[in-house]
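Along the sequence shown, residues carry numbers from 1. Side chains included, hydrogens not; waters and symmetry mates left out as well; all remaining heavy atoms used.
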Amino acid sequence: MRKVAGWLCIGIILAWAGAFLVMKTVHDRVTQNLVSVADEFVVPSDWTLIAENIETEKLICLNGNPCPSLHRRWQANEQLAEIHLHLLAATAGWDFSLDRDCVRHENVFGSTTLCSATGSRDGYDYIFRINSPEPGADSTLILNVQPARVALDAR
């Protein structure tokens, strides 16, 4: 009886380890696909990457960020405008729609988002934001990528 219980315990441990490895492999592949889609978007070499956060796929996302997701922020060496987004996205082959003109209005003080652009590619949604820390300062560009959301049929 003890031999059977021992073999049963070993079998359960091996099954759990196998399931863990399969799930880890699937989650790593999803994260790699997300990063490869984001890597298609290339900024000029003189821009500085100031932040990158990659949330891997998990069963439960506890920090409020969608998972998987990728967030990158660059410091440009100039004030960015709508034309910059069009040129960068065209180089990557991405299409997007802008929410408004990328213009800093005179009555805005402090850091502000000039414009946002959204689009989808290869099963992922992406959002660009051009931020201006203050009037006349160089802009930052933010890229967020996450799996495309499926719209539910409201019947």
Short side-chain donor-acceptor distance under 3.5 Å, Asn77 and Asp138: no
Close side-chain approach of Trp7 and Ile12, heavy atoms under 4.5 Å: no
Test item: Tyr124 and Leu70 side chains (from C-beta on) under 4.5 Å apart, heavy atoms: no
Looking at [X] and [Y], what are the two nearest heavy atoms and their distance?
X: Val42; Y: Leu88; result: O-CD2, 3.5 Å
X: Leu34; Y: Ser69; result: CD2-C, 3.5 Å
X: Leu143; Y: Ala38; result: CD2-O, 4.3 Å
X: Cys115; Y: Asp101; result: CB-O, 4.0 Å
X: Pro68; Y: Pro147; result: O-CD, 3.0 Å
X: Ser139; Y: Leu80; result: OG-N, 2.9 Å

Sequence neighbours excluded, which residues qualify as side-chain contact (heavy atoms from CB on, under 4.5 Å) partners of [X]?
X: His71; value: Asn53, Arg73, Ile142, Asn144
X: Pro135; value: Arg104
X: Thr113; value: Arg100, Ser116, Arg129, Asn131
X: Thr48; value: Ile50, Gln75

Contacts of type salt bridge (charged side-chain N to carboxylate O under 4.0 Å, His left out), residue Asp39, not counting sequence neighbours: Arg72
Should [X] and [Y] be counted in the same cluster of Ile, Leu, Val, Met, Phe, Trp and Tyr side chains packed under 4.5 Å apart?
X: Leu98; Y: Ile130; result: yes
X: Val35; Y: Leu49; result: yes
X: Trp74; Y: Phe96; result: yes

Residue pair Glu55, Gln146: steps toward the side-chain contact (heavy atoms from CB on, under 4.5 Å) verdict: CA-CA 9 Å; Glu55 290 289 331; Gln146 65 187 41; over 6 Å; no
Residues in ring-ring contact (aromatic ring centres under 6.0 Å, His included) contact with Trp94, at least two apart in sequence or another chain: Phe41, Tyr126, Phe128
Gap separating the [atom1] atom of [X] from the [atom2] atom of [Y], nearest 0.5 angstrom:
X: Ile127; Y: Asp125; atom1: CD1; atom2: CG; answer: 7.5 Å
X: Thr91; Y: His86; atom1: OG1; atom2: NE2; answer: 12.5 Å
X: Leu114; Y: Cys102; atom1: CG; atom2: SG; answer: 6.5 Å

